[in-house]
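Notes follow the structure.
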Amino acid sequence: MTDTIQQIQKRYGSRVMSIAIFLGLAFILFGYPSWGKGLILGSIFSVINFVMMGLSLPASIQSSAKKSAIRSIRSIGFRYLLLGIPLFVAIRFTQFNLAAAIIGIFMIQIVIL
(Lines give C-alpha, C1' and ligand atoms only; values in the text may rest on other atoms or scores of the structure.)
Protein backbone atom coordinates (compact mmCIF):
# COMPACT_ATOMS: atom_id res chain seq x y z
CA MET A 1 0.00 0.00 0.00
CA THR A 2 2.80 2.44 0.79
CA ASP A 3 4.33 1.89 -2.67
CA THR A 4 1.03 2.88 -4.26
CA ILE A 5 0.79 5.95 -2.05
CA GLN A 6 4.36 6.95 -2.91
CA GLN A 7 3.70 6.54 -6.64
CA ILE A 8 0.60 8.71 -6.42
CA GLN A 9 2.46 11.32 -4.38
CA LYS A 10 5.34 11.38 -6.85
CA ARG A 11 3.02 11.66 -9.85
CA TYR A 12 0.88 14.48 -8.51
CA GLY A 13 3.67 16.23 -6.62
CA SER A 14 5.91 16.43 -9.67
CA ARG A 15 3.02 17.64 -11.83
CA VAL A 16 2.11 20.33 -9.32
CA MET A 17 5.67 21.56 -8.98
CA SER A 18 6.18 21.56 -12.76
CA ILE A 19 3.02 23.59 -13.30
CA ALA A 20 3.82 25.94 -10.41
CA ILE A 21 7.37 26.59 -11.61
CA PHE A 22 6.21 27.13 -15.21
CA LEU A 23 3.38 29.49 -14.21
CA GLY A 24 5.53 31.18 -11.56
CA LEU A 25 8.27 31.93 -14.07
CA ALA A 26 5.67 33.15 -16.56
CA PHE A 27 4.23 35.53 -13.96
CA ILE A 28 7.71 36.77 -13.10
CA LEU A 29 8.64 37.29 -16.76
CA PHE A 30 5.39 39.17 -17.47
CA GLY A 31 6.00 41.59 -14.61
CA TYR A 32 4.09 40.01 -11.72
CA PRO A 33 6.86 38.65 -9.50
CA SER A 34 4.75 38.60 -6.34
CA TRP A 35 2.17 36.38 -8.07
CA GLY A 36 4.87 33.99 -9.27
CA LYS A 37 6.54 33.77 -5.88
CA GLY A 38 3.21 33.33 -4.07
CA LEU A 39 2.13 30.53 -6.40
CA ILE A 40 5.41 28.66 -5.99
CA LEU A 41 5.41 29.17 -2.21
CA GLY A 42 1.86 27.84 -1.81
CA SER A 43 2.56 24.90 -4.13
CA ILE A 44 5.64 23.84 -2.19
CA PHE A 45 3.65 23.68 1.03
CA SER A 46 0.78 21.96 -0.75
CA VAL A 47 3.10 19.16 -1.88
CA ILE A 48 4.64 18.89 1.61
CA ASN A 49 1.13 18.63 3.07
CA PHE A 50 0.24 15.91 0.55
CA VAL A 51 3.34 13.91 1.47
CA MET A 52 2.64 14.31 5.20
CA MET A 53 -0.91 13.08 4.64
CA GLY A 54 0.41 9.98 2.89
CA LEU A 55 2.89 9.30 5.68
CA SER A 56 0.28 9.58 8.42
CA LEU A 57 -2.33 7.43 6.69
CA PRO A 58 -0.82 3.97 7.37
CA ALA A 59 -0.02 4.88 11.00
CA SER A 60 -3.60 5.89 11.73
CA ILE A 61 -5.05 2.74 10.17
CA GLN A 62 -2.88 0.27 12.11
CA SER A 63 -3.68 1.58 15.60
CA SER A 64 -6.60 1.02 17.92
CA ALA A 65 -9.64 3.26 17.48
CA LYS A 66 -8.70 5.67 20.29
CA LYS A 67 -5.04 5.96 19.25
CA SER A 68 -6.08 6.31 15.64
CA ALA A 69 -8.40 9.21 16.45
CA ILE A 70 -5.72 10.99 18.48
CA ARG A 71 -3.10 10.52 15.76
CA SER A 72 -5.52 11.75 13.11
CA ILE A 73 -6.38 14.90 15.06
CA ARG A 74 -2.68 15.60 15.71
CA SER A 75 -1.88 15.03 12.05
CA ILE A 76 -4.65 17.36 10.88
CA GLY A 77 -3.59 20.04 13.37
CA PHE A 78 0.03 19.84 12.30
CA ARG A 79 -0.89 19.98 8.62
CA TYR A 80 -3.12 23.03 9.23
CA LEU A 81 -0.19 24.75 10.94
CA LEU A 82 1.99 23.77 8.00
CA LEU A 83 -0.48 25.28 5.51
CA GLY A 84 -0.65 28.42 7.64
CA ILE A 85 3.03 29.15 7.01
CA PRO A 86 2.66 30.32 3.39
CA LEU A 87 -0.42 32.34 4.36
CA PHE A 88 1.50 34.05 7.16
CA VAL A 89 4.47 34.71 4.87
CA ALA A 90 2.23 36.10 2.11
CA ILE A 91 0.43 38.38 4.56
CA ARG A 92 3.63 39.52 6.25
CA PHE A 93 5.82 40.15 3.17
CA THR A 94 4.74 42.12 0.11
CA GLN A 95 6.98 40.12 -2.21
CA PHE A 96 4.42 37.25 -2.04
CA ASN A 97 0.86 37.70 -3.28
CA LEU A 98 -1.75 36.30 -0.88
CA ALA A 99 -4.22 35.22 -3.58
CA ALA A 100 -1.47 33.40 -5.49
CA ALA A 101 -0.33 31.64 -2.30
CA ILE A 102 -3.90 30.48 -1.67
CA ILE A 103 -4.15 29.17 -5.23
CA GLY A 104 -0.81 27.41 -4.73
CA ILE A 105 -2.08 25.76 -1.55
CA PHE A 106 -4.94 24.25 -3.58
CA MET A 107 -2.74 23.16 -6.50
CA ILE A 108 -2.75 19.46 -5.52
CA GLN A 109 -6.55 19.43 -5.46
CA ILE A 110 -6.72 21.35 -8.74
CA VAL A 111 -4.34 18.93 -10.46
CA ILE A 112 -6.16 15.88 -9.09
CA LEU A 113 -9.47 17.23 -10.41
Side-chain angles (χ1 to χ4, degrees):
M1 181 158 123
T2 58
D3 292 335
T4 306
I5 293 172
Q6 287 175 349
Q7 289 173 352
I8 291 169
Q9 289 174 336
K10 185 176 181 179
R11 179 177 38 202
Y12 288 119
S14 61
R15 285 181 188 173
V16 165
M17 287 314 301
S18 297
I19 292 169
I21 290 170
F22 175 74
L23 288 176
L25 287 175
F27 277 124
I28 291 169
L29 290 175
F30 288 117
Y32 300 100
S34 64
W35 275 83
K37 291 177 185 180
L39 184 68
I40 293 171
L41 177 71
S43 297
I44 289 170
F45 279 89
S46 178
V47 171
I48 292 170
N49 178 49
F50 192 56
V51 170
M52 295 295 294
M53 191 175 6
L55 291 173
S56 67
L57 184 63
S60 65
I61 291 174
Q62 296 173 354
S63 308
S64 67
K66 187 175 181 179
K67 286 183 181 179
S68 177
I70 292 171
R71 281 187 181 166
S72 295
I73 290 172
R74 265 195 248 152
S75 172
I76 291 169
F78 177 73
R79 290 187 298 112
Y80 279 162
L81 287 173
L82 183 72
L83 290 176
I85 293 171
L87 295 176
F88 176 77
V89 170
I91 290 170
R92 185 86 172 140
F93 301 104
T94 58
Q95 63 193 22
F96 298 100
N97 185 287
L98 179 61
I102 292 169
I103 292 169
I105 287 172
F106 287 104
M107 282 293 285
I108 287 283
Q109 292 87 341
I110 292 168
V111 169
I112 288 173
L113 286 175

> What pair of heavy atoms forms the shortest contact from Arg15 to Val111, and how long is it?
Replying inline: CB-CG1, 4.1 Å
> Looking at Ile103 and Ile110, what are the two nearest heavy atoms and their distance?
Replying inline: O-CD1, 4.2 Å
> In Å, rounded to the nearest 0.5 Å, how long is the span from CD1 of Ile21 to CD1 of Ile28?
Replying inline: 10.5 Å
> Can you check whether Leu25 reaches Phe30 side chain to side chain, under 4.5 Å on heavy atoms?
Replying inline: no
> Does Gln95 reach the main-chain N or O of Lys37 with its side chain, forming a donor-acceptor pair under 3.5 Å?
Replying inline: no
> What are the two closest non-hydrogen atoms of Gly24 and Ile40, and how far apart are they?
Replying inline: CA-CD1, 4.0 Å
> Should we say atom CZ of Arg74 is surrounded by more than 12 heavy atoms from elsewhere, each under 6.0 Å from it?
Replying inline: no
> Which distance, rounded to the nearest 0.5 Å, do you find between the CD1 of Ile112 and the CE of Met107?
Replying inline: 11.5 Å
> From Phe50 CZ over to Ile5 CD1, what is the distance, rounded to the nearest 0.5 angstrom?
Replying inline: 9.5 Å
>> Would you say Phe106 ends up clustered with Ile76 if hydrophobic residues are merged whenever their side chains have heavy atoms under 4.5 Å apart, either directly or through other cluster members?
In response: no
> Are the side chains of Phe96 and Ser34 in touch, meaning some heavy atoms are under 4.5 Å apart?
Replying inline: no
> So do Met17 and Ile44 actually touch side chain to side chain, heavy atoms under 4.5 Å?
Replying inline: yes
> Considering only heavy atoms from C-beta outward, does the side chain of Leu83 approach that of Arg79 to under 4.5 Å?
Replying inline: no
> Quick check: does any side chain N or O of Ser75 sit under 3.5 Å from a backbone N or O of Arg71, one acting as donor and the other as acceptor?
Replying inline: no
> Looking at CG of Leu87 and OH of Tyr80, how far apart are the two atoms once the value is rounded to the nearest 0.5 Å?
Replying inline: 12.5 Å
> Counting only N and O atoms by type, is there a donor-acceptor contact under 3.5 Å from the side chain of Ser43 to the main-chain atoms of Leu39?
Replying inline: yes
>> Using the side-chain hydrogen bond (donor to acceptor under 3.5 Å, both in side chains) criterion, which residues pair with Asn97? Sequence neighbours excluded.
In response: none
> Which value, rounded to the nearest 0.5 Å, describes the distance between Ile8 atom CD1 and Lys10 atom NZ?
Replying inline: 13.5 Å
> Any idea how Phe27 and Tyr32 line up, ring-wise: parallel (<30°), tilted (30 to 60°), or perpendicular (>60°)?
Replying inline: perpendicular
> Do Leu81 and Ile105 belong to the same hydrophobic cluster, where Ile, Leu, Val, Met, Phe, Trp and Tyr are linked whenever their side-chain heavy atoms lie under 4.5 Å apart, directly or via other members?
Replying inline: no
> Val89 versus Arg92: any side-chain heavy-atom pair under 4.5 Å?
Replying inline: no
> How far apart are the closest heavy atoms of Leu82 and Met52, and which atoms are they?
Replying inline: CD2-CG, 4.4 Å
>> Once rounded to the nearest 0.5 Å, what's the spacing between atom CD1 of Ile48 and atom CD1 of Ile85?
In response: 8.0 Å
>> To check you understand the geometry: which heavy-atom pair defines the closest contact between Ser46 and Gln109, and what is its length?
In response: OG-OE1, 4.4 Å
